[in-house]
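Below is one structure, written out as structure tokens, with a few remarks after it.
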Amino acid sequence: TQLLEQSPQFLSIQEGENLTVYCNSSSVFSSLQWYRQEPGEGPVLLVTVVTGGEVKKLKRLTFQFGDARKDSSLHITAAQPGDTGLYLCAGPLVGNRDDKIIFGKGTRLHILP
Amino acid sequence: EAGVTQFPSHSVIEKGQTVTLRCDPISGHDNLYWYRRVMGKEIKFLLHFVKESKQDESGMPNNRFLAERTGGTYSTLKVQPAELEDSGVYFCASSQGRTAFFGQGTRLTVV
């Protein structure tokens with residue numbers, strides 16, 4: 001059973017377009033992190049959202065944590081080729097004593113110039 | 001401040017051989033995790049240390065995998081004997097709180 005479902009799995013769009021990717025679960029997370037991973041590198045943390053309904057912005061990237069802390073979205077405005085990469089959501093489940101972090105499979109994003 | 005570092009970055013070994021991966025966490029981070037990503041699959045949890053103690057090793061595939069963290073600093077993950085299905089990228093992460101910081105990974109190829 002996949003605890004964190006990410007959609008879409010793959011997305012290829014033209015430079016300048018907007019897009020949203022999703023991270024969904026039936027479980028409650030105490031926080032959710034978004035990472036971006038590029039080939040040959042480890043995941044790099046983009047943002048952590050903690051409070052239900054929280055919205056965080058990182059330049060053209062907007063991250064939202066669902067009110068029930070079961071889902072999150074990442075919206076990119078005016079996508080650039082440099083946004084290309086694998087976007088992963090991850091987080092520790094509520095009640096998980098040991099902070100074990102669960103990962104989604106990721107959304108592979110390709111921005112065409 | 002140095003991030004999480006892993007060594008080696010790549011390893012190609014023959015089936016049946018032994019390989020040891022090393023992870024140096026961020027200084028002061030008590031939590032150290034090992035994860036593995038097999039091609040086409042999600043990153044999967046292997047185990048979690050809190051200082052030198054194994055907090056959770058439920059993700060270790062089998063007894064061919066042995067992780068240690070002597071002194072609560074760096075950690076090693078040994079695979080002995082390696083099998084073809086052990087190929088993948090092994091990530092180490094450390095945290096002192098709810099956010100994990102990852103190393104660049106070790107790409108292991110068993111041929």
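So you know, we letter chains A, B, ... as the sequences are listed, proteins then strands, and number each from 1.
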Heavy-atom check, side chain of B:Phe101 versus side chain of A:Leu45, under 4.5 Å: yes
Give a yes or no on whether [X] and [Y] share a hydrophobic cluster (residues Ile, Leu, Val, Met, Phe, Trp, Tyr; joining criterion: side-chain heavy atoms under 4.5 Å apart).
| X | Y | value |
| --- | --- | --- |
| A:Tyr87 | A:Val44 | no |
| B:Leu21 | B:Leu46 | yes |
| B:Ile43 | B:Val4 | yes |

Spacing of NZ belonging to A:Lys105 relative to NZ belonging to B:Lys44, to within rounding of 0.5 Å: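 Nearest 0.5 Å value for the NZ-NZ distance: 8.0 Å.
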Approximate separation, where rounding is to 0.5 Å, of A:Tyr35 OH and B:Phe102 CZ: 5.0 Å
If you count heavy atoms of other groups shown closer than 6.0 angstrom to [atom1] of [X], is the number above 12?
| X | atom1 | answer |
| --- | --- | --- |
| B:Lys54 | NZ | yes |
| B:Lys78 | NZ | no |
| A:Gln9 | CD | no |

Interchain contact, A:Val50 with chain B, by part (heavy-atom threshold 4.5 Å):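 Just the side chain, heavy atoms under 4.5 Å.
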Evaluation steps, side-chain contact (heavy atoms from CB on, under 4.5 Å), between A:Leu86 and B:Arg37: CA-CA 13 Å; A:Leu86 178 68; B:Arg37 187 181 187 113; 3.5 Å; yes
Minimum-distance pair of heavy atoms, taken over all atoms of A:Glu41 and B:Phe91: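 That closest heavy-atom pairing would be O-CE2, 3.8 Å.
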B:Thr106, part contacting chain A, at a heavy-atom distance under 4.5 Å: neither
